[in-house]
Amino acid sequence: MKLKSQINHVIKEAFIKAGIELEPMSVSEASKPEFGDFQFNGAMALSKKLSKKPRDIASQILENLDLTGILSKAEIAGPGFINLWLNPLWLAKECHDALHDDRLGIGLRDTPIKVVVDYSGPNMAKQMHVGHLRSTIIGDTLANLLTFLGDEVIRQNHIGDWGTQFGMLIAYLEEMHEDGNVSLKDLEQFYKDAKARFDADTHFSNKAREYVVKIQSGDKHCLQLWQKFIDISLGHCEEVYEKLDVKLTRNDVRAESFYNDDLSQVISILREQGMLEQSNGAQCVFLEGDEVPVIVQKGDGGYLYATTDLAALRYRAQKLGAKRISYVVDARQAEHFKQVFRVAKEAGFVGGDVLLEHVAFGTMMDKGGKPFKTRDGGTVKLIDLLDEAIVKAKETINNKEEYTQDKIDEIAKVIGIGAVKYADLSINRESNYIFNWDKMLSFEGNTSLYMQYGYARIQSIFRKHNAQIQGDIIIGDSVEHRLATMLLRFEDVLNRAAADASPNQITTYLYELVTLFMRFYEQNPILKTGVDEKTKMSRLQLSAFTAKTIKQGLEILGIKVVDKL
RNA sequence: GCGCUUGUGGCUCAAUUGGAUAGAGCAUCAGACUUCGGAUCUGAGGGUUAGAGGUUCGAGUCCUCUCAGGCGUACCA
C-alpha cells in the first residue's frame with residue numbers, strides 16, 4: 001500500500017478542482033495524534049507563488065477535497081497546515097485486503113533496475129573481524145530490501161585476494177605443506193608466523209617476493225598454492241556468513257584478482273582519454289578541485305586499489321548492466337570513492353544515468369567510545385563475537401523444561417545473532433556505533449528482543465485461539481485506527497529505506513509498530529470473555545497483520561523469528 | 001595546514017529530508033497484576049539541539065564564523 005501517494009492523489013485532485021496549476025508537495029505523517037493521521041504543509045509554501053494568505057489557500061484546497069473515500073475529515077490548523085484523517089472504513093478494507101495478500105499488499109517496482117550491492121569484502125590474508133560486521137549486515141539488508149521491492153540485485157563480494165602479502169603466505173603454506181586446513185585454522189596466527197619467518201630468513205623472504213611475481217604472471221604451481229590458500233580462507237568466511245545468516249555465497253565472489261587482466265586496459269583507456277599524468281614517477285589522474293590525485297599505477301608499474309575499483313566499476317556498469325551500484329564500505333573511505341566515482345564517470349566507464357553511491361558507515365566503538373578491541377588490544381574476531389552472542393542469548397531464555405537442548409540452541413542462535421544484527425542496523429549507519437551487550441540483549445526499548453517478544457505474544461494468541469478466523473476488520477477505537485494506519489505505512493517506509501539505503505528506518509518503524517501493538521493489546525482484549533465474536537475476529541486479524549509485518553520486516557533485516565521465547 | 005565529518009536531557013539513540021509544543025529507551029520517581037506471555041503497560045521530572053550570527057511565514061535540519069571531538073591527507077586496502 002503506497003499510502004502517501006494515494007493521499008497525494010486526493011490532494012492533487014483538489015488542486016485541479018481548485019484551479020491551482022502547481023504540483024502539490026507530498027503529505028507527511030502527522031507529528032501528533034491530535035493532528036490527525038497525515039498532514040499537508042503545502043499551503044504555506046504556495047503562499048508566495050500565488051500571493052495569497054496560506055490559510056486562504058488551505059481553505060481553498062479544503063473546499064475541493066474529496067472526503068468520501070480515503071479521507072474522512074480534514075481541518076486547517078496553525079498557519080495553514082491541513083490535517084487529514086483517514087476513513088476508518090477504508091482503513092479496515094485495505095487492512096483486510098493486505099492481510100490476505102502474500103506480499104502484504106506491497107507492490108513490486110514499476111520499473112525494476114539492476115543493482116550491484118558490494119559488501120562484506122573480507123581480506124583473505126586475515127580472519128574476519130568486527131570491522132567486517134557492519135558492511136556485511138548492512139549490505140545484506142540492502143540487498144534483501146531491494147530484492148523484495150522487485151529490483152534485480154547482484155550481490156558482489158569484493159574479497160582481497162591479491163597483492164604482495166600473498167607471496168609470503170603461499171610460500172609459508174608450501175613450507176608447512178600437508179594439511180593446510182589445520183595450519184590455517186587461525187589465520188591471524190598463520191599470518192604472524194609467516195611474517196616472522198619472512199623477517200628472520202632472507203632465503204624465505206626472497207622466495208616470497210619471487211612468488212608474488214609468479215602468481216601475477218600465471219605460474220601454475222604458485223597459482224595452485226594460492227588457490228588452496230584462498231579456498232581455505234574463504235571457507236572461514238563462509239562459516240561466518242552461515243552463522244550470521246547472510247546470503248552471500250561463493251557465486252557472489254568477484255575478487256580483486258578477477259580484475260587483474262583488466263587493469264592494464266583501464267590505464268590505457270585513461271591514457272587515450274588524456275586523463276593520465278605522470279607525477280613523481282606514478283601515473284595519476286588529477287581531478288579539478290582536488291589536490292591529491294588518484295594514483296592508478298605506481299612508479300614500479302604496480303597497480304593500486306583505485307585501479308581495481310575502476311575496473312570493477314567498468315565491469316559492473318558495462319558487463320553486468322547495473323544502473324545503481326552501492327558500495328557498503330567504511331565511512332573513512334569516502335574520499336577514495338568520491339574520486340574513483342568521478343574518474344569512472346569522466347572516463348566513460350560508467351554511464352551518466354548510473355547511480356554510484358557510497359553507503360558509508362561509522363566505526364564500531366566499545367563502551368568507552370574507543371575503537372572496539374580485545375582486552376590486550378587486538379582485533380576481535382567476528383566468529384568469537386557471534387559465538388559469545390549465542391552464549392549470552394542462552395542465558396536470557398526462559399529455561400522451561402519443555403525445551404530440549406536442541407531447541408534451546410536453536411532459539412539462542414536466532415535471538416543472539418538477531419540481537420547483534422538488530423542493534424547495529426537500528427542506528428543511523430553513518431554515526432559511530434557503540435557496542436553494548438547489555439543493551440543489545442535487553443527486552444526493553446528498540447531492541448530485537450522487544451520485537452521478538454511482540455511477535456511471540458501474538459503467536460501465543462493464535463495457539464490459544466486455534467480456530468478459523470473470518471469476517472471483517474472493524475476499526476473500533478483510536479488505538480486500532482493508529483495501528484491500522486501504521487500497518488499500511490509499511491510500503492512507504494521500505495521504499496524510503498531503499499532510496500536512502502538506511503536500514504534504521506525499518507527498525508524505527510518496527511519499534512513504533514510493536515509499541516503501538518502492545519498498547520492495543522493492553523487496552524483491547526481479544527480472547528478474554530465478554531468480547532463479542534465480531535470484535536474478536538477483527539482484533540485477531542489486526543494481530544495477524546502485525547505479526548506478518550514484524551516477520552517480514554525482520555526478514556528483510558536478515559533476522560529470523562521464533563514462535564516461542 | 002587543507003579537506004571530510006560529528007556535536008541533540010546523566011547515558012544510548014530518533015526526528016517523515018525546512019513544518020506545529022524536539023520524540024523514544026535506559027536510569028530516577030509514582031502507578032496498574034484473579035497476566036489473552038508483567039520479558040508488559042500508564043504517568044512524572046529532566047532540553048536556550050556545542051556557541052554566535054544569517055537566510056524565511058517557519059531552522060536540530062540550509063549558509064557563515066567560533067569552539068570541541070573523530071577521520072582522511074600521493075604510490076597499503
Side-chain angles (χ1 to χ4, degrees), chain A residues 4 26-32 34-35 38-39 41-42 44-45 47-48 53-54 77-81 83 121 123 158 160 162-165 256 279-284 290-300 302-306 308-309 329-336 338 360 362-363 365 367 369 371 396 398 423 426-428 430-434 436 438-439 442-447 449-450 452-454 456-465 489 492-493 496 500 504-505 507-509 511-512 515 518-519 521-529 531 536 539 543 564-565:
Chain A
K4 271 194 197 175
S26 176
V27 294
S28 52
E29 285 90 38
S31 52
K32 289 182 180 183
E34 308 93 87
F35 297 151
F38 284 83
Q39 55 179 274
N41 306 326
M44 278 94 73
S47 170
K48 221 168 223 175
K53 287 180 191 160
F81 297 99
N83 295 337
N123 189 324
H158 191 77
W162 213 232
T164 46
Q165 54 202 341
E256 286 175 352
S279 174
N280 296 332
Q283 295 299 320
C284 306
D290 280 0
E291 268 185 48
V292 292
V294 182
I295 303 178
V296 290
Q297 194 169 21
K298 296 195 278 188
D300 66 5
Y303 301 109
L304 292 114
Y305 73 127
T308 312
D309 276 340
V329 182
D330 193 299
R332 282 173 289 198
Q333 293 191 39
E335 215 98 351
H336 165 72
K338 206 185 280 176
T363 314
M365 305 295 201
K367 264 186 184 174
T396 70
N398 252 356
S426 64
I427 68 151
N428 188 324
E430 295 195 59
S431 50
N432 290 342
Y433 156 51
I434 295 181
N436 183 335
D438 294 338
K439 192 187 162 197
S442 164
F443 279 88
E444 289 157 352
N446 188 6
T447 64
L449 287 184
Y450 186 74
Q452 296 277 5
Y453 178 67
R457 228 177 183 187
I458 297 172
Q459 297 315 308
S460 169
I461 298 169
F462 288 113
R463 275 195 297 276
K464 197 153 281 182
H465 174 67
R489 277 183 49 207
D492 285 343
V493 171
R496 179 77 178 277
D500 297 348
N504 79 308
Q505 294 187 26
T507 59
T508 300
Y509 168 79
Y511 179 54
E512 284 173 8
T515 303
M518 293 291 196
R519 187 177 305 168
Y521 178 90
E522 294 285 332
Q523 285 181 21
N524 299 5
I526 302 169
L527 300 179
K528 285 183 180 170
T529 48
V531 181
K536 187 208 271 185
R539 289 176 180 169
S543 303
K564 271 182 178 177
L565 285 175

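Just so it is clear: chains get the letters A, B, ... in the order the sequence lines come, proteins before strands, and each one is counted from 1.
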How would you label the contact of [X] with the nucleic acid (heavy atoms, under 4.0 Å): base, sugar-phosphate, or nothing?
X	result
A:I295	base
A:G299	base
A:Q39	base
A:D492	nothing
A:K528	base
A:A282	base
A:M44	base
A:S279	base
A:N280	base
A:K48	sugar-phosphate
A:Q333	base
A:Y521	base
A:D309	nothing
A:I526	base

Ring-base stacking, A:Y453 with B:U40 (5.5 Å, 30° cut-offs):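 No, aromatic ring not over the base.
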
Whether A:F81 stacks on the six-membered ring of B:G19 base, 5.5 Å and 30° limits: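 Taking the rule of under 5.5 Å and under 30°, the ring of A:F81 does not stack on B:G19.
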
Side-chain donor/acceptor of A:T508 to base of B:A24, under 3.5 Å: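 Donor-acceptor pair under 3.5 Å: no.
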
Polar side-chain contact A:N83-B:A20 base: donor and acceptor under 3.5 Å: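 Between B:A20 and A:N83, which were checked side chain against base, a qualifying N/O pair under 3.5 Å is present.
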
Nearest 0.5 Å, what's the [atom1]-[atom2] distance between [X] and [Y]?
X	Y	atom1	atom2	value
A:M518	A:T515	CE	OG1	7.5 Å
A:K439	A:T447	NZ	OG1	9.5 Å
A:Q505	A:N428	CD	CG	9.0 Å
A:S28	A:Q39	OG	CD	4.5 Å
A:Y303	A:Q283	OH	CD	10.0 Å

Most 5' of A:T363 and A:R496 on RNA chain B, judged by nearest nucleotide: A:R496

Which residue lies more 5' along RNA chain B, comparing A:L527 with A:E522 via nearest heavy atoms: A:L527

Measure from [atom1] on [X] to [atom2] on [N] and round the result to the nearest Å.
X	N	atom1	atom2	result
A:N428	B:U61	CG	P	16 Å
A:D438	B:A27	CG	C1'	13 Å
A:M518	B:U42	CE	P	11 Å
A:N504	B:A24	CG	C1'	14 Å
A:E444	B:U40	CD	C1'	9 Å
A:H465	B:G37	NE2	C1'	18 Å

Strand partner of [N], provided both Watson-Crick or wobble distances fall under 3.5 Å:
N	answer
B:U34	none
B:U49	none
B:U12	B:A24
B:C67	B:G7
B:U73	B:G1
B:G19	B:C57
B:C29	B:G43

CD/A:E34: more than 12 non-hydrogen atoms of other groups inside 6.0 Å: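 Above 12, so yes.
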
N/O (side chain, A:K439) to phosphate O (OP1/OP2, B:C13) under 4.0 Å: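 So the side-chain polar atoms of A:K439 never come under 4.0 Å of the phosphate oxygens OP1 or OP2 of B:C13.
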
Residue-phosphate contact under 4.0 Å: A:R457 side-chain N/O, B:U40 OP1/OP2: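 No, no such contact exists.
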
Can you identify which nucleotide, out of [options], has its nearest atom closest to the [X] side chain?
X	options	answer
A:I461	B:C36, B:A74, B:C76	B:C36
A:Y511	B:C41, B:A24, B:U40	B:A24
A:E291	B:A77, B:A20, B:C2	B:C2
A:I427	B:C13, B:A24, B:G19	B:C13
A:C284	B:U21, B:A14, B:A74	B:A74
A:R332	B:A74, B:G72, B:U12	B:G72
A:Y450	B:U40, B:C36, B:C41	B:C41

Side chain proximity check, A:T308 to A:W162, heavy atoms < 4.5 angstrom: no

Exercise: identify the closest heavy-atom pair between A:A456 and A:R463: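 Looking at all heavy atoms of both residues, the closest pair is O-NH2, 4.3 Å.
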
Heavy-atom pair of closest approach, residues A:F35 and A:A30: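 In this case the closest contact between A:F35 and A:A30 is O-CB, 3.8 Å.
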
Atom P, compared across B:G43 and B:G9: separation rounded to whole Å: 24 Å

